[in-house]
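Here is the structure we will look at, set down as structure tokens.
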Number of protein chains: 2
Amino acid sequence: MYTLFFQNLNSKVQLTEEEEEQIKTYLTLKKLRKKQYLLQEGDVCKMIAFVEKGALRAYSVDENSNEHIIQFGLEGWTISDLYSFLTGEPATYNIDALEDSELVIISKSAHEELLQTMPKYETFTRLNITGAYLAMQRRLTSTISASVEERYQDFITLYPHIAQRVPQHMIASYMGLTPETLSRIRKRISSR
Amino acid sequence: MYTLFFQNLNSKVQLTEEEEEQIKTYLTLKKLRKKQYLLQEGDVCKMIAFVEKGALRAYSVDENSNEHIIQFGLEGWTISDLYSFLTGEPATYNIDALEDSELVIISKSAHEELLQTMPKYETFTRLNITGAYLAMQRRLTSTISASVEERYQDFITLYPHIAQRVPQHMIASYMGLTPETLSRIRKRISSR
DNA sequence: CAAAAGCATTGATTTAAATCAACGTCCTTT
DNA sequence: AAAGGACGTTGATTTAAATCAATGCTTTTG
């Protein structure tokens, strides 16, 4: 339990045994069956989830009830509706499990207390959000400036493990495409 | 000088006089004439710039030499190629001034020293990057899930001051559209 | 001040992706 | 084992945006 979480944490800020133990008191574990929700749109997001095992997705649903995947969360990733978490506004995303999953949960109060009391946790948080920002920026840049072919290729090379584990129509959704279009893109690419 | 910068800083982490003075020793001012570069693609980004006055843009240029605006930076905003800044890799963006501008410059060494020595600066940095992440996420979400009309409306209501100050074709570029398309979108919207 | 450049608009045409529809395969799940 | 559902593919058609081209207006700049 918590092994991946602390591995991740220690790779960013080296912790002592005591610090690890202290942080552990703030954490809880949660198991989620495939298709279960971690968060539903409209609810307030009260935690940050670190994925120890399994796969989740965050997505929004538009007025035509089309789903748009905002983010995948596989092992080692953190997933949340950060806006809702930070502001207390109702969540605009749903988060659910694509596979049976195990999560390390940091509640809002735990997060705040750790930020106040443990400088290393703040550093960890800063590095995490910086990484998330850079990933998001890369994605946005490719969305507005590259062809759909390139974007798909980039996705595959950057996240091969996601491409292997997630149905293709979800990758289409993540890219803002219809499943049909992605299918045709793949055909075009393979015949070249 | 530095007034807006410290206003911004104090609104996030309340500083003492001494702390302000200490931080000041790490900062430099830079003026940029309209059209001047702050950063060119291929160079390593060695600073973070806070806009005291004026307006800048960060943009990439694709193989067809089309420009894609990644970010605007008006008064109170921070602009940089963060990936290049953090990794030391060559920048993939250009940053230049849309108007005569005044910037508060934080060099890489200044940034790192402040992070090490002043917890409040780390908090400030964390809050800044968090805000930038949320803004980026909002933009990405609207890009993949809303119609072009909605996206334009959202942009106008969210950033009315930008819409007033930058040419329309740059907003088109920011949205990943051609100037012609944005012009037609505006026409459609106004005739409703 | 005059020429040039930058900008927004409009029209005609092409191109890329969405939509609608059908089908086959593979899983679930009862 | 059978039925139903999810998934990916393919084809035909529609729709939205890009592209190409031209024009008038405004702002720079030599």
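Proteins come first, then strands; the chains are lettered A, B, ... in the order of their sequence lines, and each starts at number 1. Any value given below was found using the heavy atoms of this structure, including those in side chains, with hydrogens, waters and symmetry copies removed.
In this structure, CD1 of Ile144(A) is placed 12 Å from P of dA18(D), rounded to the nearest angstrom. In this structure, the CD1 atom of Ile185(B) is 14 Å from the C1' atom of dT9(C), given to the nearest Å. Here the P atom of nucleotide dA18(D) and the CE atom of Met175(B) are 10 Å apart, to the nearest Å. Going from atom CG of Leu98(A) over to atom P of dC27(C) covers 18 Å, rounded to whole Å. To the nearest angstrom, P of dA18(D) lies 13 Å from CG of Asn64(B). Taking atom CG of Asn66(B) as the reference point, atom C1' of dA18(D) lies 11 Å away to the nearest angstrom. Between the NE2 atom of His68(A) and the C1' atom of dA18(C) there is a distance of 12 Å, given to the nearest Å.
The side chain of Gln168(A) places an N or O atom within less than 4.0 Å of a non-bridging phosphate oxygen (OP1 or OP2) of dT9(D). Phosphate contact (OP1/OP2 of dT10(C), side-chain N/O of Lys187(B), threshold under 4.0 Å): present.
Rounding to the nearest 0.5 Å places CZ of Arg139(B) at 13.5 Å from CD1 of Ile144(B).
With respect to the salt-bridge test (charged N to carboxylate O, under 4.0 angstrom), the residues Lys24(A) and Glu19(A) do not qualify. Comment: Lys30(B) does not engage Glu102(B) in a salt bridge, judged by the lack of any side-chain N to carboxylate O separation of less than 4.0 angstrom. Here Asp96(A) pairs with Arg57(A) in a salt bridge; the nearest charged N to carboxylate O distance falls below 4.0 Å.
Checked by atom type, the side-chain pair Glu122(B)/Thr123(A) shows a donor-acceptor distance below 3.5 Å.
In this structure, Leu182(B) reaches neither bases nor backbone, as no heavy-atom distance under 4.0 Å exists between it and the strands shown.
Comparing dA17(C), dC7(D), dA21(C) against the side chain of Glu180(A) picks out dA21(C) as the nearest. The nucleotide whose nearest atom lies closest to any side-chain atom of His169(B) is, among dC7(C), dT10(C), dT10(D), dC7(C). Taking every side-chain heavy atom of Thr181(A) into account, dA18(C) is the closest of dT10(D), dT9(C), dA18(C). Side chain of Leu177(B), nearest nucleotide from dA18(D), dG11(C), dA18(C): dA18(D).
Residue whose closest nucleotide on DNA chain D sits further toward the 5' end, between Arg186(A) and Thr178(B): Arg186(A).
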For nucleotides 28-30 of chain D, which of its nitrogen or oxygen atoms have a protein nitrogen or oxygen under 3.5 Å away, and what is each distance?
none

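In the helix from dC1(C)-dG30(D) to dT30(C)-dA1(D), the rotation axis of the first five pairs and that of the last five pairs differ in direction by 50°, rounded to 10 degrees.
Looking at Phe124(B) and Leu127(B), their side chains never come closer than 4.5 Å, going by heavy atoms from C-beta outward.
Lys108(A) forms a cation-pi arrangement with Phe85(A), by the criterion of a distance under 6.0 Å to the ring centre and an angle within 45° of the ring axis.
Remark: Lys53(B) NZ is loosely packed, at most 12 non-hydrogen atoms of other residues, nucleotides or ligands lying under 6.0 Å away.
The base of dT19(C) lies close enough to the side chain of Arg184(A) for a donor and an acceptor atom to sit less than 3.5 Å apart.
Taking both residues in full, the closest heavy atoms of Ala58(A) and Ile95(A) are given as CB-CG1, 3.9 Å, listed atom of the first, atom of the second, then distance.
Val44(A) and Leu134(B) are members of different hydrophobic clusters when ILVMFWY side chains are connected at heavy-atom separations under 4.5 Å.
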